[in-house]
Amino acid sequence: MCYWDCLYPKKRSNCVANLARLDKGWDRQPQKYILRLLKSLRSKLTWRDFIVGFCATVAITAILVGFRHQNIPEFEEGQTANQDIRASKDAQYIDFEATAIKRAEAENGIPFVYQLDQDRISDIKSAVSRVFSDARMLLEEKEVSRQRQSNSQLQQDLLNELKSLVGDFFPSDLLKILVRENFDPTVEKKILEILDAVLKEGIIEDREGFAQHQKIGIVIRDNSPFEHLLADAGPVRDLSEAKKDLRRFDLDIPRWTSKEKDQLIRYLETMLVPTLVYNKEETEARRALAVSRIPPVEVQIKRGQTIVRYGETITADLLRQLNALRDLWKPSSIILQGLGYFLFVVILVYSLWRYFVFFQSRHKKIRNYATLALVIITSELLIIRLATALADILDERFSRFQDPSVLYYAIPFALGPLLATILIDVNLGIITSIILATLTGLFYGEIDSAVYLITGSLAGIYSIRKYKDRAAILEAGFAIGFLNCICLLGMHILRQNPVSLSNGIDLIIVAFLSGILASTMASMMLPALELIFRVVTDIRLLELSNLNAPILRRLSVEAPGTYHHSLMVATLAEDAAEAIGANPLLARVSSYYHDIGKVIKPEYFVENQSRDYNKHEEISPRISCLVLNRHVKDGLKLAKEIGLPERIREMIPQHHGTRMMTYFFKKARQTADNRNGEVLDADFRYAGPKPQTKEAAIMMMADSVEAASRTLLDPNSSQIKGMIDRLVNGILEEDQFDECDITLSDIRLVKESFFKILTGVFHRRIDYPDYDFKRIDPEAEGTAVPNTGSEQAKTV
């Protein structure tokens, strides 16, 4: 659009405006992206969350830094050791002597570079060719023939002129011979062939130095980009040998006498120069490069390795190893170690928070759970550190184990994941095990401890995720020990380490001890963590499920109808929760206590009333509504007094939600119609809140269904099913499940569960012979009073 506007002058202003807006929008894009990124990274973090996370990070880092401190005694070379010293953790140091040896080997492995001076050879040959060419040209200019050369004067003049032309290049005797031959090209060619052969074979200057270099190796370079290693140094000569080598050439030149040939050979000897020159700069550069490529030799010291034995003489090598262990505890090393751990823990803590924000939203108090998870992780790491120090002390005092790391396998590594699973959920248990396995692997500097931790933790997590009694934690400890044994066996097989009977028994003992310690310590720490973080575990729910609790015994005596109603609701709720994957124990225990407020005025509730008297007949519908609403407030008050956990207290108002008391609402409207008064439905509703969890939604449905089921006179399957459908659909129409995560599929399964339980309760029985239970006593028949309890049961 902007392009076409620019074609027309009248629309240029529109084009400029469009471009300005586009440019302005482009400028805002990076800002918006940065803001979105910062908002995403923040992940609902508040200053309180930041401070808690920072404190946890600092605490974890403090535990990790100097995880296994070791006091290294001072020794001198030649001194006798008065104790055994073993490495408490992996270390490394640079062996300067070994590094120097390796670098010397690398340096000596580089051959010496010799340069074949092709330019010098070419210059010599070019000089010979130029002299011959110039001489021939001069002879042609003078038109000197062989006959004229017999004139001695003319010959002398010609020689003088040639000397002035070529100088002292040729001696006078040889020059005369060459003039006689008219500087024959054949002679020139022969001279060039001899010089080329001798010079290119290589003439060295220093025979002794060359022989020394030859022992290591010699590389020959020329002007080409290629080079070759000198495999045979036989053809290479020094000057004296090269001169002697000239004698081997056959000077096949006609008309030349032996003396003349000898003169030519002596002249060629003067032209020989060194052509194979040692390139010192290139050799040193290559050797320096080879040395730079050799990294320092690092000697690894493994955790548990014995460095010094009692009575051993301290050598320079042992001193280097001891200094390497001592360097681990230098202030600079500790600071860098702490910084590395801090950055790593920040990532893990932030990832844990992101997990809570995005995957644990069903927990309404994620900050409480996040803090609890950090406390569990920090406590576990502290226990690991203390237990490791204790294991080191025991191993030094009692040399029972060949491998000092055997005692480490008795540490209760699975404690943290076990606590996270019991106090929060299975997912958090797995996340905790991953975090602890990562940090533990860093502690010990090996993957074995991380594998051992996560294997035992998973065994504990999946064995404790559903438990019905206190023995479940002990059973989880045995499961952890069993999986620990399998893990240790697998690691020994992978290492191909032989396992003796004694060693195998040791491994089994420490593996099971780790599991038992984890379960025992979990049982000890659970009550404190439950109290501090106000978390309701299944163990606490099991304690509350005891029907001999004082409030439940009081309810059974003062409000027996409500008590039996609560038991039936608990049965329905527990089975339904099991069907949809909710917490059945929480649903059952909450059902026991959901109506405890009725114990204050039990006579106002239909299940506790006698057939011949109903107090609601004497009061107005509004007062009845207030009385019924009051039992929720009374229940909350009693729950707080007896110390019920918050998760159960929340279910007391939620199981009614904001539903309407239909019976009294209709009754009030009938009364209002007679008196022309206005009735508001809000006055006849419970205060709420609506169900916030699946368990609360299940309990709301179970409460209504159980109360209405008592109104069925002769129930059959179709009546029960129709009643359940009408009641649950009515709850749905009132939008009572808008604030919880229950689905329509869950509701269908809940209905099926209710139907199964109620058809079992209202089963058909055969008549007792000789008994007619349907017959009514004439005396009692006349005094019967109609009861509205059945109608109230449908709505209250």
Side-chain angles (χ1 to χ4, degrees), residues 561-580 582 584 587-588 590-591 594-595 598 605-609 611 614 616 628 651 654-667 681 684-686 690-691 694-737 740 742-765 774 786-796:
T562 300
Y563 175 77
H564 290 286
H565 161 74
S566 298
L567 295 182
M568 190 61 192
V569 170
T571 302
L572 292 170
E574 182 179 26
D575 191 71
E578 188 80 37
I580 68 172
R588 173 161 65 92
S590 300
S591 298
H594 79 287
D595 273 344
K598 292 182 180 180
F605 299 93
V606 62
E607 66 268 21
N608 300 313
Q609 295 172 355
R611 288 185 173 271
N614 185 353
H616 289 284
L628 295 182
M651 306 278 267
Q654 288 180 23
H655 88 277
H656 284 301
T658 58
R659 298 196 67 195
M660 179 181 289
M661 291 171 250
T662 309
Y663 176 81
F664 296 108
F665 176 69
K666 291 181 178 180
K667 186 176 179 181
D681 62 350
F684 291 85
R685 288 187 179 276
Y686 287 100
K690 295 179 181 180
K694 287 184 178 182
E695 292 81 5
I698 291 171
M699 197 163 66
M700 173 181 281
M701 292 183 281
D703 183 64
S704 297
V705 167
E706 198 284 330
S709 68
R710 296 178 181 270
T711 66
L712 300 177
L713 298 178
D714 189 15
N716 53 45
S717 297
S718 59
Q719 287 181 338
I720 294 173
K721 187 176 185 303
M723 175 202 66
I724 294 172
D725 288 338
R726 285 195 301 272
L727 289 174
V728 174
N729 292 339
I731 294 173
L732 286 173
E733 290 173 359
E734 292 187 61
D735 300 327
Q736 294 298 307
F737 298 153
C740 66
I742 196 168
T743 64
L744 292 176
S745 177
D746 293 337
I747 294 174
R748 178 180 58 80
L749 294 175
V750 169
K751 288 181 180 179
E752 294 175 358
S753 174
F754 288 170
F755 177 75
K756 180 184 68 175
I757 297 295
L758 290 178
T759 51
V761 171
F762 295 105
H763 60 279
R764 183 175 181 81
R765 290 186 179 272
K774 296 181 181 179
N787 186 18
T788 61
S790 61
E791 296 184 38
Q792 292 182 35
K794 298 178 185 178
T795 60
V796 177

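The chain is numbered in sequence order, starting from 1.
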*Please assess Glu706 against Arg710 for the test salt bridge (Lys or Arg N to Asp or Glu O under 4.0 Å), listing each intermediate value before the final yes or no.*
CA-CA 7 Å; Glu706 198 284 330; Arg710 296 178 181 270; 2.8 Å; yes
Quick one: [atom1] on [X] to [atom2] on [Y], what's the gap to the nearest 0.5 Å?
{"X": "Leu572", "Y": "Leu567", "atom1": "CG", "atom2": "CG", "result": "11.5 Å"}
{"X": "Phe755", "Y": "Met723", "atom1": "CZ", "atom2": "CE", "result": "10.0 Å"}
{"X": "Asp595", "Y": "Tyr563", "atom1": "CG", "atom2": "OH", "result": "14.0 Å"}

For [X] and [Y], indicate whether the former's side chain and the latter's backbone hold a donor-acceptor pair under 3.5 Å.
{"X": "Asp703", "Y": "His656", "value": "no"}
{"X": "Thr711", "Y": "Ala708", "value": "yes"}
{"X": "His594", "Y": "Ser591", "value": "yes"}
{"X": "Gln654", "Y": "Ala697", "value": "no"}

_Audit row: Lys690, Asp735, side-chain contact (heavy atoms from CB on, under 4.5 Å) steps and yes/no_ = CA-CA 9 Å; Lys690 295 179 181 180; Asp735 300 327; 4.1 Å; yes
*For the residue pair Ala576 and Phe754, what are the closest heavy atoms and their distance?*
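Of all heavy-atom pairs spanning Ala576 and Phe754, the closest is CB-CE2, 3.9 Å.
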*Compare every heavy atom of Ala582 with every heavy atom of Glu695, then report the nearest pair and how far apart it is.*
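Heavy atoms only, the tightest pair is OE2-CB, 3.5 Å.
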*With a 4.0 Å cut-off, would you call Lys598 and Glu607 a salt bridge?*
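Here Lys598 pairs with Glu607 in a salt bridge, since their nearest N and O are under 4.0 Å apart.
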*Could you walk me through whether Glu578 and Leu749 pass side-chain contact (heavy atoms from CB on, under 4.5 Å), step by step?*
CA-CA 10 Å; Glu578 188 80 37; Leu749 294 175; over 6 Å; no
*asked:* Once ring pair (Phe, Tyr, Trp, His ring centres under 6.0 Å) is applied, do any residues pair with Phe684, and if so which ones, sequence neighbours excluded?
replied: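 Expected list: Phe665.
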*Applying side chain to side chain contact (heavy atoms under 4.5 Å, CB included), name anything that partners Ser745, two or more places apart in sequence or on another chain.*
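Checked Ser745 against side chain to side chain contact (heavy atoms under 4.5 Å, CB included); matches are Thr743, Arg748.
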_Before you tell me yes or no, could you show the steps for Ser590 and Met699 under side-chain contact (heavy atoms from CB on, under 4.5 Å), namely the whole-Å CA-CA distance, both residues' side-chain angles and the distance that decides it to 0.1 Å?_
CA-CA 8 Å; Ser590 300; Met699 197 163 66; 4.0 Å; yes
_Pair Ser753, Asp575: side-chain N/O donor-acceptor within cut-off below 3.5 Å_ =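 Indeed, the side chains of Ser753 and Asp575 share at least one donor-acceptor pair under 3.5 Å.
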*Flag the pair Leu727 / Met701 as yes when at least one side-chain heavy-atom distance between them is below 4.5 Å, and no otherwise.*
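Heavy-atom side-chain distance check fails, nothing below 4.5 Å.
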*Pairing residues for Lys666 by the salt bridge (Lys or Arg N to Asp or Glu O under 4.0 Å) criterion, not counting sequence neighbours*: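 Result, salt bridge (Lys or Arg N to Asp or Glu O under 4.0 Å) vs Lys666: none returned.
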